[in-house]
Amino acid sequence: MALYYYLISSLPDLRTDAQMPITYDEWLQSCQSNVSEEKFEFLQNLTLDSSEGPLIREWAFVYGNLMRELSYQRSMRMGKSYGVSYDKDSEYTMVASAALAAKNPLEAEKILLDYEFDVLDSLVGLHTFDDIYLFGYAVKLRLLERQSCFVPKKGQEEFKRLFDGVQQQVYSL
């Protein structure tokens with residue numbers, strides 16, 4: 001843990017309303033000489049769906065239930081049944097409802113990202129220079145990495161392409 005003081009104090013702040021200040025690969029390089037081989041391997045293989053490692057079990061529970069709630073609400077909106085059981089929670093229901101009510105997919109992602117960052121901050125708590133903080137930071141980076149894939153212009157172009165296709169099908173009827 002003593003090696004984490006410099007590493008963690010040198011990390012840039014991660015925010016939901018800003019670009020990624022560091023890539024996951026750059027961050028991994030800075031971690032390599034500061035964490036054990038076992039922890040480094042966990043960090044290398046970390047995904048948003050991972051379930052092993054410090055803090056990750058708790059995160060997996062929250063993230064999995066949030067994703068299931070989103071799937072459930074999408075299924076209900078389409079009039080389909082949803083046969084997977086999960087721990088329903090009013091907080092997940094409110095967040096998923098807000099995301100699905102957003103005016104566009106990017107806004108929905110931002111709603112989810114804000115909530116996920118709040119959850120991670122809560123899970124990390126007062127941990128500052130230990131594995132809990134390090135893994136919380138890693139998950140936040142993975143979340144920002146996912147968000148950086150959203151390009152509004154490309155999304156608008158894809159929406160227009162899909163909408164034009166639907167219009168042509170309707171007109172051909």
Side-chain angles (χ1 to χ4, degrees), residues 11 13-28 31 39-125 127 130-159 161-163 166:
L11 294 174
D13 191 31
L14 300 180
R15 298 177 23 180
T16 61
D17 61 350
Q19 296 293 321
M20 286 181 70
I22 186 173
T23 67
Y24 196 81
D25 288 337
E26 290 169 340
W27 178 74
L28 271 178
C31 288
K39 296 254 180 347
F40 186 74
E41 189 175 328
F42 272 123
L43 293 170
Q44 267 187 312
N45 298 319
L46 184 73
T47 68
L48 293 175
D49 295 319
S50 293
S51 60
E52 294 295 320
L55 177 95
I56 303 303
R57 284 185 199 94
E58 296 88 352
W59 164 252
F61 177 80
V62 172
Y63 186 71
N65 281 328
L66 179 60
M67 292 303 111
R68 283 186 280 283
E69 181 62 34
L70 280 167
S71 295
Y72 169 77
Q73 288 190 26
R74 286 180 183 133
S75 296
M76 293 299 106
R77 285 181 178 209
M78 294 177 2
K80 297 181 178 179
S81 65
Y82 188 75
V84 178
S85 66
Y86 64 100
D87 292 333
K88 281 201 75 74
D89 182 288
S90 61
E91 191 171 344
Y92 304 142
T93 302
M94 288 182 351
V95 172
S97 294
L100 292 174
K103 62 183 175 186
N104 62 56
L106 186 57
E107 184 181 308
E109 268 304 307
K110 288 184 184 209
I111 289 168
L112 293 172
L113 187 64
D114 285 339
Y115 175 73
E116 292 161 339
F117 265 52
D118 287 346
V119 166
L120 285 164
D121 288 341
S122 174
L123 291 173
V124 168
H127 293 268
D130 61 7
D131 291 335
I132 304 283
Y133 184 90
L134 200 63
F135 277 77
Y137 194 89
V139 173
K140 284 183 175 182
L141 268 177
R142 287 293 192 200
L143 288 166
L144 288 174
E145 201 173 50
R146 182 185 72 195
Q147 183 193 23
S148 71
C149 296
F150 288 93
V151 180
K153 185 175 181 189
K154 285 174 104 177
Q156 289 170 344
E157 290 170 359
E158 180 65 11
F159 175 78
R161 184 187 70 76
L162 291 170
F163 186 73
V166 169

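Taking the side-chain hydrogen bond (donor to acceptor under 3.5 Å, both in side chains) definition, one finds that Glu41 meets it with nothing, sequence neighbours left out. Thr23 is linked by a side chain to side chain contact (heavy atoms under 4.5 Å, CB included) to Asp25, Glu26, counting only residues two or more places apart in sequence or in another chain. With sequence neighbours left out, Lys140 forms a side chain to side chain contact (heavy atoms under 4.5 Å, CB included) with Leu14, Phe117, Leu120, Asp121. Lys88 is linked by a side-chain hydrogen bond (donor to acceptor under 3.5 Å, both in side chains) to Glu69, Tyr86, counting only residues two or more places apart in sequence or in another chain. Remark: Tyr24 pairs with Trp27 by the ring pair (Phe, Tyr, Trp, His ring centres under 6.0 Å) rule, at least two apart or across chains. Taking Thr47 as the reference, Asp49, Ser50 meet the side chain to side chain contact (heavy atoms under 4.5 Å, CB included) condition, with sequence neighbours excluded. Not a single side chain to side chain contact (heavy atoms under 4.5 Å, CB included) links Ser122 to another residue, sequence neighbours left out. Listed by chain and number, the residues in a side-chain hydrogen bond (donor to acceptor under 3.5 Å, both in side chains) with Asp118 amount to none (sequence neighbours excluded). Residues that satisfy the side-chain hydrogen bond (donor to acceptor under 3.5 Å, both in side chains) test with Ser75, not counting sequence neighbours, are absent from this structure.
Contact detail for Arg142 and Leu48: the closest heavy-atom pair is CB-CD2, 3.7 Å. For the residue pair Ala99 and Ala108, the shortest heavy atom distance occurs at O-CB, 3.1 Å. Considering every non-hydrogen atom in both Ser97 and Gln73, the closest pair reads OG-OE1, 3.1 Å. Across all their heavy atoms, Leu43 and Ala138 have their closest contact at CD2-CB, 3.8 Å.
No side-chain heavy atom of Ser148 sits less than 4.5 Å from a side-chain heavy atom of Leu144. The closest side-chain heavy-atom distance from Tyr133 to Asp130 is below 4.5 Å. Residues Val124 and Phe135 fail the side-chain proximity criterion, which asks for heavy atoms closer than 4.5 Å. Taking the side chain as every heavy atom from C-beta outward, Cys31 and Lys39 never approach each other to under 4.5 Å. Using a 4.5 Å heavy-atom threshold, the side chains of Ile56 and Phe42 count as separate.
For residues 54-67, every residue pair satisfying the side chain to side chain donor-acceptor pair (under 3.5 Å) rule, not counting sequence neighbours, is listed here: Glu52-Arg57, Tyr63-Arg146, Asn65-Arg68. Among pairs with a residue in residues 71-81, none fulfils salt bridge (Lys or Arg N to Asp or Glu O under 4.0 Å), at least two apart in sequence or across chains.
Atom CG of Leu66 is separated from atom CD of Glu116 by 6.0 Å, given to the nearest 0.5 angstrom. Summarising the geometry, atom CG belonging to Leu143 is positioned 10.5 Å from atom OG1 belonging to Thr16; distances are rounded to the nearest 0.5 Å. Between the CG atom of Leu46 and the CZ atom of Phe40 there is a distance of 12.0 Å, given to the nearest 0.5 Å. Rounding to the nearest 0.5 angstrom, the gap separating the CG atom in Leu134 from the NE2 atom in His127 is 13.0 Å. Distance OH/Tyr92 to CG/Leu70: 12.0 Å, rounded to 0.5 Å. Rounded to the nearest 0.5 angstrom, Leu113 CG and Ile111 CD1 are separated by 11.0 Å.
Remark: Glu107 does not engage Lys110 in a salt bridge, criterion side-chain N to carboxylate O under 4.0 Å.
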